[in-house]
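These notes are about the structure you will find just below.
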There are 2 protein chains.
Amino acid sequence: MSQQPRPDAPECYCRLEGVIDLLSRKYAMQIVCVVDHLGTARYGELESAFGGDVSSSTLSARLDDLVSADLLEREQYDEIPPRVEYTLTGDGESLAERLEPLLR
Amino acid sequence: MSQQPRPDAPECYCRLEGVIDLLSRKYAMQIVCVVDHLGTARYGELESAFGGDVSSSTLSARLDDLVSADLLEREQYDEIPPRVEYTLTGDGESLAERLEPLLR
DNA sequence: CAGCATCCCTATTGATACTG
DNA sequence: CAGTATCAATAGGGATGCTG
């Protein structure tokens, strides 16, 4: 989907290259914002934050994406019933801050 | 693609609703940034800013999207050869500013 | 130059059903 | 509860060729 940054392209264009693919995915930015808002969020909380709008497969995929990108941290507690908590990493928080201006 | 905002959803999620669909489209944010960078941009300038990476149909579509969203203004000069210039509207500039933090 | 129309292809998303 | 697997639907994007 994305290509190599072009050396002759404006820097403003190049700079977006890295994050853009991830952030363009559905609910990606929203998840970052919601987790930032909640501080820590469980899977179910995210699901209900979006109402019935997200399918579990999509939400799962997006969470994986964000964890892989090191924006989100996944903490799993081996209890019954199972509990998983997502929090923003440093990078995630930094992104959330940069995202906030977009909310107005 | 997008649904009605849910009254019980976190405001951070609701607030993104409006812009998100548009900004998620390929090259949308980049175009805003490039036009902001250049001040005013012709179609061909945008095309070359992205190298050969954008097809003309996609670039066209995205420009239309942005014009429809009132983020970009299209000024057409009836000359031969034809000349078209794109500039950011007030909203567009405002968005560009909010986008800038993302570039770091 | 600055595009639009068409066709087609792929990536992404959603629905549904099932599991540790 | 917190997912995964599978399948089907779709929207977005690229290639190509043509216009004012």
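Source: prediction; values computed, not measured.
Among residues two or more places apart in sequence or in another chain, the side-chain hydrogen bond (donor to acceptor under 3.5 Å, both in side chains) test is passed with A/T89 by none. Among residues two or more places apart in sequence or in another chain, the side-chain contact (heavy atoms from CB on, under 4.5 Å) test is passed with A/A61 by none. In this structure, the salt bridge (Lys or Arg N to Asp or Glu O under 4.0 Å) partners of A/D65, at least two apart in sequence or on a different chain, are A/R25, A/R62. Partners of B/T40 according to the side-chain contact (heavy atoms from CB on, under 4.5 Å) rule, which considers only residues two or more places apart in sequence or in another chain, are B/E85, B/T87. Not counting sequence neighbours, the partners of B/S56 by the side-chain contact (heavy atoms from CB on, under 4.5 Å) test are B/Y43, B/E47. Considering only residues two or more places apart in sequence or on other chains, A/S60 meets the side-chain hydrogen bond (donor to acceptor under 3.5 Å, both in side chains) condition with none of them.
In this structure, B/L63 places its CG atom 16 Å from P of D/dG12, rounding to the nearest Å. If you take CG of A/L59 and P of D/dA2, they are 11 Å apart, rounded to a whole angstrom. Regarding B/D65, its CG atom lies at a distance of 14 Å from the P atom of D/dA11, rounded to whole Å. At whole-Å resolution of the value, CZ in B/F50 and C1' in D/dG13 are 14 Å apart. A/E79 places its CD atom 10 Å from the P atom of D/dA2, with the value rounded to the nearest Å. For the pair B/E47 CD and C/dA2 P, the computed distance is 9 Å after rounding to whole Å. If you take CG of A/L22 and P of C/dT12, they are 11 Å apart, rounded to a whole angstrom. One interatomic measurement links the two molecules: CD of A/Q76 to C1' of D/dT4, which rounds to 14 Å at whole-angstrom precision.
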What pairs of nitrogen or oxygen atoms, one from the protein and one from nucleotides 4-7 of chain C, lie under 3.5 Å apart?
unit_1 : atom_1 : unit_2 : atom_2 : d
C/dC4  : OP2    : B/D64  : OD2    : 3.3
C/dC4  : N4     : B/S56  : OG     : 2.8

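For B/S94 (side chain) and B/G90 (main-chain N/O), no donor-acceptor pair under 3.5 Å exists by modelled atom type. Formation of a donor-acceptor pair under 3.5 Å by the B/T58 side chain with backbone atoms of B/V54 is not found in this model.
Here B/Y86 lies in heavy-atom contact (under 4.0 Å) with sugar-phosphate atoms only.
For B/R25, whose side chain is taken as the heavy atoms from C-beta onward, the closest listed nucleotide among D/dA2, C/dA2, D/dG12 is D/dG12.
Listed pair B/K26 / D/dA11 fails the phosphate criterion, with no side-chain N or O lying under 4.0 Å from OP1 or OP2. Considering only side-chain N and O atoms, B/R42 lies nowhere under 4.0 angstrom from the phosphate OP1 or OP2 of C/dC1.
Between its opening and closing five pairs, the helix from C/dC1-D/dG20 to C/dG20-D/dC1 changes axis direction by 60°, a value rounded to 10 degrees.
Between A/P82 and A/S55, the one whose closest nucleotide on DNA chain C sits nearer the 5' end is A/S55.
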Under 3.5 Å donor-acceptor pairs involving side-chain atoms of residues 71-81 of chain A, not counting sequence neighbours:
unit_1 : atom_1 : unit_2 : atom_2 : d
A/R74  : NH2    : A/Q76  : OE1    : 2.3
A/E79  : OE1    : A/R83  : NE     : 3.3
A/E79  : OE2    : A/R83  : NH2    : 2.8

